[in-house]
Colleague: 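One structure is given below, represented as structure tokens, and several questions about it will come after.
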There are 2 protein chains.
Amino acid sequence: MDLVRRTIERYVPLRTDEWERIAPRWAEHAFSKGAAVCAVGQVEERFYIVKSGVQRLSFPHDGQDVCVGFAYDGSWCGEYASFISRRPARFDVVALTDSVLVGIGHDDLQRLYAEVPVMERFGRLIMEELLLGRATREIEQMSLSAEERYDRLMARSPHLLQLVPQKDIASYLRMTPETFSRLRRRH
Amino acid sequence: MDLVRRTIERYVPLRTDEWERIAPRWAEHAFSKGAAVCAVGQVEERFYIVKSGVQRLSFPHDGQDVCVGFAYDGSWCGEYASFISRRPARFDVVALTDSVLVGIGHDDLQRLYAEVPVMERFGRLIMEELLLGRATREIEQMSLSAEERYDRLMARSPHLLQLVPQKDIASYLRMTPETFSRLRRRH
DNA sequence: GAGCGCGCTTGATCCACATCAAGAACGGTC
DNA sequence: GACCGTTCTTGATGTGGATCAAGCGCGCTC
């Protein structure tokens, strides 16, 4: 629970009375390796903070899973788009390792938005942050070659290689496992 | 000014006293064809609603402009990422036609967020909407072939072809003007 | 520890789209 | 209305990365 408070306070200060209204809305959810946090077609009911484990965000495209992101310790997790829009998820969220997520239900969050003004700001700041991340990824996806995308990821997040299967990283970098393997050999 | 009120009220209801605090913060800005609304390297000072005209969002990549979006009547405009983060813009925003934008300055908006609670919600809802749009675009960019992306755009926004140069649409669809031209011939 | 499935590697081949090149059809401007 | 820069078209050629096809290694389960 302390994780939730620390996380929110990275964005907005919390008075004790505010925190007391917020805390009871969050709950831990455990997922074992391979389990679906959210599956295409269902409506995402929760917004999560990762307590432990690694999760993959992907969407299915003719038999393949196209990976668009990962979540791990301290980052946000869930199918945000479905959570926000209340429409069926277009992405899958899968636990790549045993995971513990701390989540808040959609209705609970809406109630907090209405009851605790500072939460509305927190919500805005998160959405801004997620949007910024997407802008960065968009530039990289659009302007870099397969090899440059590989180099960039290895420079920024080399630990990913230890955490998740290479085929998922390959997909995330918009290339086949074969190409990824060849790039790796050529350093 | 009415445009601003109607736009905000698509997201949140406004009482008269709230609107009276909001209205004076917005101002019209005219840009003639080809003018830069925001250029790479400068910090975006305003967030705009398009009153008239068409604008292009792009980033430069070895001598080329890679187009990532368009704005027109009623849509949002500006280099959001820079506006939010207060960091130098990585995208250019250019008026493709003579344009009138209604904008609010960064500091003014922050003040409204603090003074008018309903604006904080408005801000969150806009960010959610922009994030949803990016998610949709990401799926389409990642999973569709050049031809499918062409078909999808022509089905959804055929009017774009009248509004903006084909080379910009081609770039937006992640293909060369030559490929775009050939797809057009084959219907 | 035998058998099996899946992920990773490595090589050979293929193809969608880019690049290069050269006209043709526009505007704008003097 | 002649000039010029830009955009659009059309054809010929090139290529990065995908696809196809084996083999290999490692962790399961029985």
Side-chain angles (χ1 to χ4, degrees), chain A residues 32-35 54 56 58-68 70 92 94-98 140-154 158-187, chain B residues 31-36 53-56 58 60-67 70 92 94-98 140-154 158-187:
Chain A
S32 43
K33 180 174 176 174
V54 183
R56 185 190 69 189
S58 62
F59 66 91
H61 178 64
D62 42 56
Q64 304 283 337
D65 279 330
V66 179
C67 176
V68 301
F70 301 99
D92 285 303
V94 174
L96 291 179
T97 65
D98 289 349
E140 297 192 351
Q141 288 293 321
M142 311 270 270
S143 66
L144 303 181
S145 69
E147 182 155 14
E148 289 168 325
R149 296 196 301 275
Y150 172 85
D151 291 341
R152 185 73 66 100
L153 187 76
M154 286 306 109
H159 62 294
L160 261 189
L161 205 49
Q162 271 61 263
L163 293 176
V164 320
Q166 292 187 23
K167 74 183 174 71
D168 289 329
I169 302 182
S171 169
Y172 176 71
L173 291 176
R174 206 107 315 283
M175 64 183 74
T176 59
E178 290 94 327
T179 299
F180 184 82
S181 173
R182 283 186 252 268
L183 285 174
R184 233 159 84 75
R185 187 155 48 120
R186 293 174 222 158
H187 298 123
Chain B
F31 297 88
S32 42
K33 179 175 175 172
V54 183
Q55 303 82 41
R56 184 190 68 190
S58 62
H61 176 63
D62 42 56
Q64 304 282 337
D65 278 330
V66 179
C67 176
F70 301 100
D92 285 302
V94 174
L96 292 178
T97 66
D98 289 349
E140 298 192 351
Q141 288 294 322
M142 311 270 271
S143 66
L144 303 181
S145 69
E147 183 154 14
E148 290 168 322
R149 296 197 299 274
Y150 173 85
D151 291 343
R152 185 72 68 100
L153 187 76
M154 287 305 109
H159 63 292
L160 261 188
L161 205 50
Q162 271 61 262
L163 293 176
V164 320
Q166 293 187 22
K167 72 182 174 74
D168 289 329
I169 303 184
S171 169
Y172 176 70
L173 292 176
R174 208 105 316 281
M175 64 182 75
T176 59
E178 291 93 326
T179 299
F180 185 82
S181 174
R182 283 186 252 266
L183 285 175
R184 233 159 83 74
R185 185 154 50 120
R186 294 173 220 157
H187 297 122

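Labels below follow one simple rule: chain letters A, B, ... track the order of the sequence lines, proteins then strands, and each chain is numbered from 1. This is a predicted model, so every value here is computed, not measured.
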Colleague: Sequence neighbours excluded, which residues qualify as salt bridge (charged side-chain N to carboxylate O under 4.0 Å, His left out) partners of B:Glu148?
Modeller: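 By the salt bridge (charged side-chain N to carboxylate O under 4.0 Å, His left out) rule, B:Glu148 matches no residue at all.
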
Colleague: Restricting to ring-ring contact (aromatic ring centres under 6.0 Å, His included), what partner residues turn up for A:Phe70, sequence neighbours left out?
Modeller: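 A:Phe70: ring-ring contact (aromatic ring centres under 6.0 Å, His included) contacts with A:Tyr172.
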
Colleague: According to side-chain contact (heavy atoms from CB on, under 4.5 Å), who are the partners of B:Ser181, at least two apart in sequence or on a separate chain?
Modeller: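 For B:Ser181, no residue satisfies side-chain contact (heavy atoms from CB on, under 4.5 Å) once neighbours in sequence are set aside.
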
Colleague: Using the test salt bridge (charged side-chain N to carboxylate O under 4.0 Å, His left out), find all partners of B:Glu140 that sit at least two apart in sequence or belong to another chain.
Modeller: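 Result, salt bridge (charged side-chain N to carboxylate O under 4.0 Å, His left out) vs B:Glu140: B:Arg152, B:Arg156.
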
Colleague: Give the rounded distance in Å between these two atoms: CG of A:Leu183 and P of C:dG11.
Modeller: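 Checked: the CG to P distance equals 15 Å.
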
Colleague: Given C:dT9, C:dC8, C:dG11, which nucleotide is nearest the side-chain atoms of A:Lys167?
Modeller: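 Nearest listed nucleotide: C:dC8.
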
Colleague: Between B:Asp65 and B:Ser58, is there a donor-acceptor pair closer than 3.5 Å when you use the side chain of the first and the backbone of the second?
Modeller: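 It does not hold such a pair.
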
Colleague: How many whole angstroms separate atom CD of A:Gln166 from atom C1' of C:dT10?
Modeller: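 Taking CD of A:Gln166 and C1' of C:dT10, I get 14 Å after rounding.
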
Colleague: Could you tell me the separation between the CZ atom of A:Arg186 and the C1' atom of C:dG11, rounded to a whole number of Å?
Modeller: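 Value for this atom pair: 12 Å.
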
Colleague: With a 3.5 Å cut-off and just heavy-atom distances, do the side chain of B:Arg182 and the base of C:dT19 make a donor-acceptor pair?
Modeller: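 Such a pair is found, so the answer is yes.
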
Colleague: Return yes if some donor-acceptor pair links the side-chain N/O of A:Asp92 with the main-chain N/O of A:Phe59 below 3.5 Å, else return no.
Modeller: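 The answer is no, because no donor-acceptor pair under 3.5 Å joins these two groups.
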
Colleague: Counting primed atoms plus P, OP1 and OP2 as sugar-phosphate and everything else as base, spell out the protein contacts along nucleotides 25-30 of chain C at 4.0 Å heavy-atom distance: B, S or - for each nucleotide, 5' to 3'.
Modeller: ------

Colleague: Mind running side-chain contact (heavy atoms from CB on, under 4.5 Å) on B:Leu161 and B:Gln166 for me, showing each step along the way?
Modeller: CA-CA 7 Å; B:Leu161 205 50; B:Gln166 293 187 22; 4.2 Å; yes

Colleague: Who passes side chain to side chain donor-acceptor pair (under 3.5 Å) against B:Ser171, sequence neighbours left out?
Modeller: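 Side chain to side chain donor-acceptor pair (under 3.5 Å) check on B:Ser171 returns nothing, list empty.
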
Colleague: Would you please test A:Val68 and B:Met142 for side-chain contact (heavy atoms from CB on, under 4.5 Å) and show each step?
Modeller: CA-CA 9 Å; A:Val68 301; B:Met142 311 270 271; 3.6 Å; yes

Colleague: Do side-chain atoms of B:His61 reach the backbone of A:Ser143 as a donor and acceptor pair under 3.5 angstrom?
Modeller: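 Here the side-chain-to-backbone pair exists.
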
Colleague: May I have the distance from A:Met142 (atom CE) to C:dA18 (atom P), rounded to whole angstrom?
Modeller: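 The answer, rounded to whole Å, is 13 Å.
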
Colleague: Which residues in residues 169-181 of chain B have a heavy atom closer than 4.0 Å to any atom of DNA chain D?
Modeller: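 Only B:Glu178, B:Ser181 qualify.
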
Colleague: If a pair satisfies salt bridge (charged side-chain N to carboxylate O under 4.0 Å, His left out) and one of its residues is in residues 169-180 of chain A, list it, with sequence neighbours excluded.
Modeller: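 Qualifying pairs: none.
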
Colleague: Mind checking which nucleotides bracket the chain B contacts on DNA chain D, 5' to 3', with an atom under 4.0 Å from a heavy atom?
Modeller: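 Nucleotide range in contact with chain B: D:dT7 to D:dA12.
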
Colleague: Using whole Å, what does the distance between atom P of nucleotide C:dG7 and atom CG of A:Asp168 come to?
Modeller: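 Interatomic distance, CG of A:Asp168 to P of C:dG7: 9 Å.
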
Colleague: Output all residues satisfying salt bridge (charged side-chain N to carboxylate O under 4.0 Å, His left out) with A:Asp168, sequence neighbours left out; order by chain, then residue number.
Modeller: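 Counting only residues at least two positions away or on another chain, A:Asp168 forms a salt bridge (charged side-chain N to carboxylate O under 4.0 Å, His left out) with A:Arg56.
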
Colleague: Find the bend of the helix from C:dT9-D:dA22 to C:dA22-D:dT9 as the angle between its two terminal axes (five pairs each), to the nearest 10°.
Modeller: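 About 30° separates the two local helix axes.
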
Colleague: Who pairs with A:Thr97 by side-chain contact (heavy atoms from CB on, under 4.5 Å), at least two apart in sequence or on another chain?
Modeller: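 Per chain and number, A:Thr97 pairs via side-chain contact (heavy atoms from CB on, under 4.5 Å) with A:Val54, A:Ser99.
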
